[in-house]
Amino acid sequence: MLLSPQAERNWEELCSVLEDVLEDQSHRQLFALELGSGTGQHVIRFAQKMPFVTWQPSDIQEESRESIKAYITATNTKTVLQPVHLDASEPWDKWAGLSCSSCDVIIAINLLQYSSFKTAQGVFSGAGQIIKQNGLLITYGVYAINGTITPSCNELLDEELRKMNPEWGLPDIDVLRQLAYGNGMRMERMIEMEDFYKCLIFRKL
C-alpha cells in the first residue's frame with residue numbers, strides 16, 4: 001500500500017466538505033467517481049464516513065490501482081468498487097465503460113495542477129456527460145484567479161510544477177468556470193481550505 005502524508009493530513013477537511021454538500025441527499029444511495037485516486041487513502045476514508053455513497057476509484061497508474069486494491073482488502077470496505085484505469089484526457093465514452101448520466105458526484109483531488117489543459121478539458125467534458133442532472137463535480141487543489149497566483153508559496157509551486165512538466169501548473173478558476181459553462185455546469189461555490197487550497201463545487205444544470 002502506498003502512503004501519502006498529505007492525504008493523511010487533509011482527508012478530514014475534505015470529508016467535511018463532502019458531507020456538507022451531500023447532506024441533503026444522504027437519504028438515498030449515491031454513486032461517485034473519483035478521478036486520479038492516487039494511493040486510495042481518500043476514497044477509503046470517505047467510504048467509511050459516508051456509507052450512503054458507492055465509490056468508483058480510478059487512476060491512470062497501475063501502481064496506484066494496486067495500492068487502492070490493497071486498501072480495500074485491508075479495510076474490508078464494501079462500498080468501494082475495484083479501481084479502474086481511466087485517462088480523463090480521453091473522450092468520456094472511453095471512461096471505463098461508465099454510461100451517460102450515471103454519476104451523482106465526480107471528485108478530483110489534486111489532479112488539475114498535475115495535468116495538461118487537455119486533461120482539464122477532458123475532466124469537464126466527461127463530467128458534463130456522465131454526471132446526472134443536478135449532480136456535482138468537486139475539484140480540490142491550488143488555483144490561479146484572473147491570471148494571478150497568490151501568495152508567493154503558490155507561485156513557487158506553480159514554477160516547480162512547470163519545471164517537472166511544462167504542461168502542468170495551477171489552473172485558473174475563471175478558465176475552469178468557462179469550461180464548466182461550456183459543458184452544462186456552473187460553479188456554485190468556492191470553499192477556502194487550509195494552506196491556500198480551495199474546493200470548487202460545480203453543479204450540472
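Not measured: the values here are computed from a predicted model. Just so you know, residue 1 is the first one in the sequence shown, and it goes up from there.
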Has Tyr71 got a side-chain atom pairing as donor or acceptor with Leu2's backbone, closer than 3.5 angstrom? yes
So does Gly126 get a backbone contact from the side chain of Trp92, meaning a donor-acceptor N/O pair under 3.5 Å? no
I'd like to know if the side chain of Asp195 and the backbone of Tyr197 have a donor-acceptor N/O pair within less than 3.5 Å. no
Between Asp172 (side chain only) and Gly147 (backbone N and O only), is there a donor and an acceptor less than 3.5 Å apart? yes
So does Gly122 get a backbone contact from the side chain of Ser125, meaning a donor-acceptor N/O pair under 3.5 Å? no
What distance separates Tyr114 OH from Thr119 OG1, expressed to the nearest 0.5 Å? 14.5 Å
So, do Trp11 and Ile109 sit near enough that their side-chain heavy atoms are less than 4.5 Å apart? no
Sub-3.5 Å donor-acceptor pair from the side chain of Arg162 to the main-chain atoms of Trp168, do we have one? yes
Is the shortest side-chain heavy-atom distance between Arg28 and Asp104 below 4.5 Å? yes
Using the rule given for salt bridge (Lys or Arg N to Asp or Glu O under 4.0 Å), can you reason through Lys163 versus Glu160, listing the C-alpha separation, both sets of side-chain angles and the distance that settles it, and then say yes or no? CA-CA 5 Å; Lys163 284 177 185 175; Glu160 289 172 12; over 6 Å; no
Polar side-chain atom of Asp158 near backbone of Leu170 as donor-acceptor pair, under 3.5 Å: yes
Would a 4.5 Å heavy-atom cut-off, applied to side chains only, mark Phe196 and Val142 as touching? no
Does the Lys204 side chain pair with the main chain of Gly128, one donor and one acceptor, at a distance under 3.5 Å? yes
Look only at the side chain of Glu13 and the backbone of Glu194, and say whether a donor-acceptor pair between them is shorter than 3.5 Å. yes
So which heavy atom on Leu111 is nearest to which on Gly36, and how close? CD1-CA, 4.5 Å
Compare every heavy atom of Tyr143 with every heavy atom of Lys198, then report the nearest pair and how far apart it is. O-CE1, 3.5 Å
Heavy atoms only: give me the nearest Met185-Ala127 pair and the separation to one decimal. CE-CB, 4.0 Å
Roughly how far, to the nearest 0.5 Å, is CZ of Arg186 from CZ of Phe202? 11.5 Å
After noting the C-alpha distance and the side-chain angles of Arg189 and Val21, does the key distance pass the side chain to side chain contact (heavy atoms under 4.5 Å, CB included) rule? CA-CA 10 Å; Arg189 291 170 66 186; Val21 298; 3.5 Å; yes
Would you mind reporting whether Asn134 and Gln25 have side-chain heavy atoms less than 4.5 Å apart? no
Compare all side-chain heavy atoms of Leu98 with those of Val84 and state whether any distance is below 4.5 angstrom. no
I want to check something: taking the side chain as every heavy atom from C-beta on, are Cys15 and Met50 in contact at a cut-off of under 4.5 Å? yes
Closest heavy-atom pair, Pro51 versus Thr79, reported as atoms and distance to 0.1 Å, is O-CG2, 4.0 Å
For residues Pro83 and Lys69, determine if any side-chain heavy atom of one lies less than 4.5 Å from a side-chain heavy atom of the other. yes
Heavy-atom neighbours of Glu62 CD exceed 12 at 6.0 Å: no
Shortest non-hydrogen contact from Ala32 toward Val53: CB-CG1, 3.6 Å
Option from Thr139, Leu18, Leu33 for which side chain to side chain contact (heavy atoms under 4.5 Å, CB included) with Ile107 holds: Leu18
Heavy-atom closest pair, residues Leu81 and Ile72: O-CD1, 3.4 Å
Taking C-beta and beyond as the side chain, do Trp55 and Thr77 meet within less than 4.5 Å on heavy atoms? no
